[in-house]
Participant: 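Below you will find the structure I want to go over with you.
The shown structure was predicted, so the numbers you read here are calculated from the model rather than taken from an experiment.
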Amino acid sequence: MKPHAEMPVAVPQSPDRPLPPGACDAHIHMVAAPGEFDLWDGRVENPAPGLDFEGWIALYERHMAALGLDRVVIVHSILYGADNAVTKAAVARLGRDRARGIGLVTDAATDAELDALAEAGLSGVRLNYVHGGVLSWAGVTAMADRLKARGLHVQMLMNAHRHMAELDDGVRSMPVDVVFDHIGWPDVAAGPDEPGFQRLLALLAGGRAWVKLSGLYRLAGAPYEATDALVAALVAANPERCLWGSDWPHLMLADAQMPDAGVLLNALLRVVTDAATRKRILVDNPAQLYGF
């Protein structure tokens, strides 16, 4: 029997500063009750028990209200494999005026499957370069022109210190936008001068990639001050290519502690102190990338 995920904080603490109108949580996942949507046989855990799809939607809407968020990007969870039904349903339920999605496809994705993602309000496809999964870098490279034709981009999880050197040239030649999750999942102890992280900074500076200032709780303990220098370096490299996401409901925690998304948001506000840059990261950049 597979273990269950932990239930997220019922209501996160309010951020230290009010967010600008149109602020976007650019990285969450949506789940549902057993039997509502097909789970992937290869998953490592089941969603936390006790809520159905509508219950999870209501819980996330309370999360949005507490943090002062107006928009959201729902990243399809590997718990459901390449069946994007739960993510498509969440985008439809929350409404295209405030929600977009990121899908998961296999290397063998057909034109019809990619069309269906775009038609459902999904903006890209995700691959996991750290743990593997159903979509590979070779596969997404091969379908890049088909993604571009549909206005879709690539989102990926990788370790900057382990993978950036081998990905650098491919990212630069990709005909679509590439978005890196969780600040590039770097070696925090090595700091921003680590060579792989420096490559990531160069990609941002040249406008060749985007980065989500998310997942800090997977890299450090609250209040996440250990990641401040890394986040500051990413923002300094190119604030026009940074996004923020809570990573709610914080699936597959492994050794990490369940975070309070308000504390995560305060970590951004602590590093990014001027209102114009906060608005750029929270409002303008996601509006540009996801088409709000």
Participant: So that I know where these two stand, are Tyr60 and His29 an aromatic pair - ring centroids less than 6.0 Å apart?
Facilitator: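 Here the rings of His29 and Tyr60 have centres that are no less than 6.0 Å from each other.
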Participant: Tell me, yes or no, whether the heavy-atom count around Arg17 atom CZ, taken from other residues, nucleotides or ligands under 6.0 Å, exceeds 12.
Facilitator: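 No, CZ of Arg17 has 12 or fewer neighbouring heavy atoms, counting only those of other groups under 6.0 Å.
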Participant: Answer whether the closest heavy-atom distance between the side chains of Leu39 and Lys2 falls below 4.5 Å.
Facilitator: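 A side-chain contact is absent here, since even the closest heavy-atom pair is not under 4.5 Å.
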Participant: Rounded to the nearest 0.5 Å, what separation is found between the CD1 atom of Ile281 and the CZ atom of Arg241?
Facilitator: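 Those atoms lie 13.0 Å apart.
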Participant: Nearest 0.5 Å, please: how far is CG in Leu117 from NZ in Lys88?
Facilitator: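 So the gap between those two atoms works out to 5.5 Å.
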Participant: The criterion is side chain to side chain contact (heavy atoms under 4.5 Å, CB included); which residues satisfy it with Ala109, sequence neighbours excluded?
Facilitator: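 Here the qualifying residues are Val105, Glu113, Leu114, Met143.
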Participant: Phe197 and side-chain contact (heavy atoms from CB on, under 4.5 Å): which partner among Leu234, Asp187, Asn159, Val188?
Facilitator: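 Single pass found, and it is Leu234.
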Participant: Tell me whether the NZ or CZ atom of Arg100 lies within the 45° cone about the ring axis of Phe292 and under 6.0 Å from its centre.
Facilitator: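 Yes, a cation-pi geometry holds between Arg100 and Phe292.
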Participant: Enter the distance from His63:NE2 to Leu69:CG here, rounded to the nearest 0.5 Å.
Facilitator: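 Here the rounded value is 6.0 Å.
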Participant: If we count only N and O atoms by modelled type, under 3.5 Å, do the side chains of Ser214 and His27 hold a donor and an acceptor together?
Facilitator: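 Result is no, nothing qualifies.
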Participant: Roughly how far, to the nearest 0.5 Å, is CG of Asp284 from SG of Cys24?
Facilitator: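 Rounded to the nearest 0.5 Å, the SG-CG separation comes to 11.5 Å.
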Participant: Less than 4.5 Å apart, side chain to side chain, heavy atoms only: is that true for Pro223 and Arg270?
Facilitator: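 Pro223 vs Arg270: side chains touch.
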Participant: Any non-hydrogen side-chain atom of Leu167 less than 4.5 Å from a side-chain atom of Tyr129?
Facilitator: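 Side chain of Leu167 against side chain of Tyr129, heavy atoms only: contact under 4.5 Å found.
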Participant: Taking atom CG as the centre, does Asp274 end up with more than 12 heavy-atom neighbours from other residues, nucleotides or ligands that are less than 6.0 angstrom away?
Facilitator: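 Enclosed.
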Participant: Does Asp247 reach the side chain of Tyr217, with side-chain heavy atoms less than 4.5 Å apart?
Facilitator: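 Side-chain contact under 4.5 Å: yes.
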Participant: Hey, does the side chain of Arg208 reach the backbone of Leu204 with a donor-acceptor pair shorter than 3.5 angstrom?
Facilitator: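 It does not hold such a pair.
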Participant: For Thr87, does its backbone N or O pair with a side-chain atom of Asn84 as donor and acceptor, under 3.5 Å?
Facilitator: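 Between the backbone of Thr87 and the side chain of Asn84 there is no qualifying donor-acceptor contact (under 3.5 Å).
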Participant: Roughly how far, to the nearest 0.5 Å, is the CG atom of Leu243 from the NZ atom of Lys212?
Facilitator: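 Atom-to-atom, Lys212:NZ and Leu243:CG are 7.0 Å apart.
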Participant: Atom CG of Leu122 and atom CG of Leu104: how far apart are they, to the nearest 0.5 Å?
Facilitator: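 So the CG of Leu122 and the CG of Leu104 are separated by 10.5 Å.
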Participant: When you look at CD of Gln13, are more than 12 heavy atoms from neighbouring residues, nucleotides or ligands closer to it than 6.0 Å?
Facilitator: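 Yes, the 6.0 Å shell around CD holds more than 12 heavy atoms from other groups.
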Participant: Within the supplied structure, the quantity of interest is the number of heavy atoms (other residues, nucleotides, ligands) at a distance under 6.0 Å from Asp38 CG; does it exceed 12?
Facilitator: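 Count not over threshold, so no.
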